[in-house]
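Notes to accompany the following structure.
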Amino acid sequence: MSVYEPNSCHLREVLIFCFNMKKSAAEAHRMLSNIYGEAAISERTCRKWFQRFKNGDFHVKDQHSGGREKVFEDEELKALLDQDSCQNRKELARSLGLNQPWE
């Protein structure tokens, strides 16, 4: 059996569900932590996203912040991120066939 590792977009979509269920950011964080453990986002990040939802912003995809453009030395990595910017570190490493010292 494989263990599902949630990506950022998935976690944000779960936060929208919790927000619509009238949960607080703290409750949503506890739920994510209970389910995903260390892969869960922080309570502070949950609060940030809940504030965006309260303001009517329900876009969960990563958006460019307007700062300096990211510079990639590895074209293969850039191509993977262009395909799906919501991939997490483990998914990218797996796609590139890299060893994962954090496991």
Side-chain angles (χ1 to χ4, degrees):
M1 180 174 100
S2 67
V3 176
Y4 175 71
E5 176 88 21
N7 63 33
S8 298
C9 290
H10 170 80
L11 293 172
R12 293 170 190 163
E13 289 167 346
V14 171
L15 285 179
I16 289 175
F17 175 78
C18 292
F19 178 81
N20 287 328
M21 294 292 296
K22 307 293 187 214
K23 301 291 184 188
S24 69
E27 289 172 311
H29 176 258
R30 279 192 297 277
M31 292 169 65
L32 290 174
S33 294
N34 288 338
I35 295 167
Y36 298 118
E38 290 187 18
I41 54 181
S42 69
E43 185 174 343
R44 181 177 179 173
T45 300
C46 288
R47 286 194 309 266
K48 179 188 86 166
W49 280 98
F50 266 56
Q51 186 59 52
R52 289 175 78 164
F53 301 154
K54 287 176 188 173
N55 293 333
D57 181 2
F58 292 93
H59 294 96
V60 296
K61 296 275 186 193
D62 290 325
Q63 299 174 351
H64 181 62
S65 62
R68 183 173 167 241
E69 284 290 323
K70 294 180 182 177
V71 177
F72 296 99
E73 294 179 12
D74 188 321
E75 288 301 315
E76 191 176 4
L77 175 60
K78 182 180 182 325
L80 286 171
L81 288 170
D82 287 343
Q83 288 174 357
D84 180 3
S85 65
C86 290
Q87 296 179 77
N88 64 34
R89 174 178 60 178
K90 288 183 181 180
E91 291 169 331
L92 289 168
R94 192 176 307 119
S95 296
L96 293 169
L98 300 174
N99 291 332
Q100 299 176 32
W102 54 85
E103 289 188 315

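Checking Met31, Gln51, His29 one by one against Cys46, the side chain to side chain contact (heavy atoms under 4.5 Å, CB included) holds for a single residue, His29.
By the salt bridge (charged side-chain N to carboxylate O under 4.0 Å, His left out) test, Glu43 is found to be paired with Arg47, residues two or more places apart in sequence or in another chain being considered. By the salt bridge (charged side-chain N to carboxylate O under 4.0 Å, His left out) test, Glu27 is found to be paired with no residue, residues two or more places apart in sequence or in another chain being considered.
Annotation: the span from Arg44 atom CZ to Trp49 atom CH2 amounts to 15.0 Å, rounded to 0.5 Å. A distance of 9.0 Å separates CZ of Arg12 from CG of Leu15, quoted to the nearest 0.5 Å. Rounded to the nearest 0.5 Å, atoms CZ (Arg52) and CD1 (Ile16) are 10.0 Å apart.
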>> For a side chain to side chain contact (heavy atoms under 4.5 Å, CB included) check, start with the C-alpha distance between Phe17 and Lys23, then their side-chain angles and the critical distance, and finish with the verdict.
In response: CA-CA 9 Å; Phe17 175 78; Lys23 301 291 184 188; over 6 Å; no
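Considering all non-hydrogen atoms of both residues, Phe58 and Phe53 come closest at CZ-O, 3.4 Å. Pairing each heavy atom of Phe50 with each of Ala25, the nearest pair is CE2-N, 3.6 Å.
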Between side-chain atoms of residues 34-41 and protein atoms elsewhere (two or more places apart, or another chain), which donor-acceptor pairs fall under 3.5 Å?
{"residue": "Asn34", "atom": "ND2", "partner": "Arg30", "partner atom": "O", "Å": "3.3"}
{"residue": "Tyr36", "atom": "OH", "partner": "His10", "partner atom": "NE2", "Å": "2.7"}

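When atom types are taken as modelled, the side chain of Asn55 and the backbone of Asp57 share no donor-acceptor pair closer than 3.5 angstrom.
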